[in-house]
Amino acid sequence: MKLKELKEKLNLSVRCAEDKLIQEITGGYVSDLLSDVIANAQKGDVWVTMQVHVNIVAVAVLKEVAAIVLVQGREPNEDTLKKAKEENIPILVSKLPAFQLVGKLYESGIGKT
Amino acid sequence: MRMDKSYSQSFEITGNNFFDAGKAATEVKMILKQIGINSDIIRRVAIASYEAEMNVVMYAKRASMTIEISQEKIKIVVDDEGPGIQNIELAMKEGYSTATTEMREMGFGAGMGLPNIKRNADHLKIESEVGKGTKVEFVIELKESARGGSKER
Ligand SMILES: Nc1ncnc2c1ncn2[C@@H]1O[C@H](COP(=O)(O)OP(=O)(O)O)[C@@H](O)[C@H]1O
Ligand SMILES: [Mg+2]
């Protein structure tokens, strides 16, 4: 599924890197512990997290995740947004809590294979 | 990039600079991609390098990260100026961390950094002098037959 379809289906708001929404999503990972994400997230994942500080961008770049999705309506910090724009990493925001959002992601087929 | 002998490059890491944290590990990854190293090896080097870099950002003043690539192996040395590690065996324990509350709230300080390096490297050596600094050195073998230490999930 493309990021763009997911955005529409799950009502996500895009904060940056709009041009990257054509990317294909190949899986998902949810965690707020950066060592866990670094060790276990896969290239092409959507990464669901509560963390909004600038270091999430470096983690996303290094792991080549397709997008960062912030839950519970949390907004990226100013420098997070600045860096994400520089690195062209999409950040999307959901109003849902992580559990519900991940449930919906799974329902739409992400991470089922 | 020619690879007949060996290639080496260094990057600076600055303590407490969270904005640029992860840059050195990303640069290392780019180099490995450029020379066409296999993606599983790149993944392991990237994980270990990131953890070593973050430890400098969180606990030390400054460091150099040097990558050395030869036909046989990739070696990374992170040599820092900082407080050093009192008890290396304890620091290696999964879950052990001296990270501040603030760092933990940011998702650091899981005490998984050094164990993650060990898990992803074939060899790991840590030398430290309290009050001076720490040197973390790890090797990832490129020759299938020489690999030993890696415990892949
Ligand atoms: N470069 C370093 N300089 C000083 N202390 C360090 C360094 N690297 C690691 N440590 C110490 O070892 C502990 C464990 O490190 P690590 O396994 O990476 O977990 P974490 O970074 O989550 O605390 C740290 O909390 C810190 O006390
Ligand atoms: Mg660490």
Side-chain angles (χ1 to χ4, degrees), chain A residues 16-17 24 26-66 68-72 74-89 91 97-98 102 111, chain B residues 11 13 16-33 38-40 42-58 65 94-97 99 102-121 150-153:
Chain A
C16 59
E24 197 69 35
T26 49
Y29 203 71
V30 53
S31 181
D32 298 328
L33 276 183
L34 303 190
S35 280
D36 175 33
V37 179
I38 279 290
N40 300 315
Q42 310 272 344
K43 180 178 177 175
D45 279 354
V46 272
W47 171 26
V48 177
T49 185
M50 293 269 289
Q51 299 292 355
V52 295
H53 60 80
V54 67
N55 293 274
I56 60 175
V57 181
V59 170
V61 170
L62 198 64
K63 296 313 287 188
E64 298 177 60
V65 300
I68 302 170
V69 182
L70 305 179
V71 290
Q72 227 141 25
R74 286 167 71 89
E75 291 293 336
N77 291 349
E78 210 176 297
D79 52 352
T80 306
L81 203 52
K82 182 175 166 230
K83 186 133 218 162
K85 280 177 183 163
E86 266 172 41
E87 301 284 357
N88 209 22
I89 293 284
I91 296 183
V102 170
Chain B
F11 305 95
I13 305 166
N16 213 26
N17 180 350
F18 281 88
F19 189 79
D20 289 323
K23 220 176 184 170
T26 304
E27 303 254 21
V28 159
K29 183 177 173 180
M30 303 276 231
I31 292 173
L32 299 182
K33 271 197 157 179
N38 115 10
S39 64
D40 180 56
I42 295 182
R43 196 183 61 80
R44 290 166 54 204
V45 175
I47 294 169
S49 305
Y50 177 83
E51 293 290 4
E53 179 175 5
M54 284 320 301
N55 282 351
V56 173
V57 174
M58 289 197 287
M65 176 184 280
E94 190 117 16
Y96 176 82
S97 176
E102 201 188 359
M103 289 172 186
R104 286 169 203 261
E105 277 167 3
M106 289 168 78
F108 296 112
M112 286 165 65
L114 295 175
N116 267 351
I117 299 175
K118 192 177 165 67
R119 203 171 291 127
N120 284 284
S150 160
K151 290 164 224 98
E152 277 299 286
R153 74 186 165 111

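Labels below follow one simple rule: chain letters A, B, ... track the order of the sequence lines, proteins then strands, and each chain is numbered from 1.
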How close do Ala58(A) and Gly22(B) get, counting heavy atoms only, and between which atoms?
CB-CA, 4.3 Å
Quick check: closest heavy atoms across Glu64(A) and Lys29(B), and the distance to 0.1 Å?
OE2-NZ, 2.6 Å
Mind listing the closest non-hydrogen atom pair of Gln51(A) and Gly107(B) along with its distance?
NE2-N, 3.3 Å
Minimum heavy-atom separation for Lys82(A) and Phe19(B), please, with both atom names.
NZ-CZ, 4.1 Å
Would you name the heavy atoms of Ala39(A) and Asn116(B) that are closest together and state the gap between them?
CB-ND2, 3.7 Å
Rounded to the nearest 0.5 Å, how far does CG of Leu34(A) lie from CE of Met112(B)?
10.5 Å
If you count heavy-atom pairs under 4.5 Å between each of Asp32(A), Asn55(A), Val54(A), Leu33(A) and chain B, which one has the most?
Asn55(A)
Closest heavy-atom pair, Ile47(B) versus Ile38(A), reported as atoms and distance to 0.1 Å, is CG1-O, 3.4 Å
More than 12 heavy atoms of other residues, nucleotides or ligands under 6.0 Å from CD of Glu24(A): yes or no?
yes
Spacing of Arg43(B) atom CZ and Leu62(A) atom CG [to the nearest 0.5 Å]
11.5 Å
Rounding to 0.5 Å, atoms OG (Ser35(A)) and OH (Tyr50(B)) come to a distance of 7.5 Å
Met30(B) versus chain A, the contacting section by heavy-atom distance below 4.5 Å
neither
Report the distance from atom CD1 of Ile42(B) to atom NZ of Lys43(A), rounding to the nearest 0.5 Å.
9.5 Å
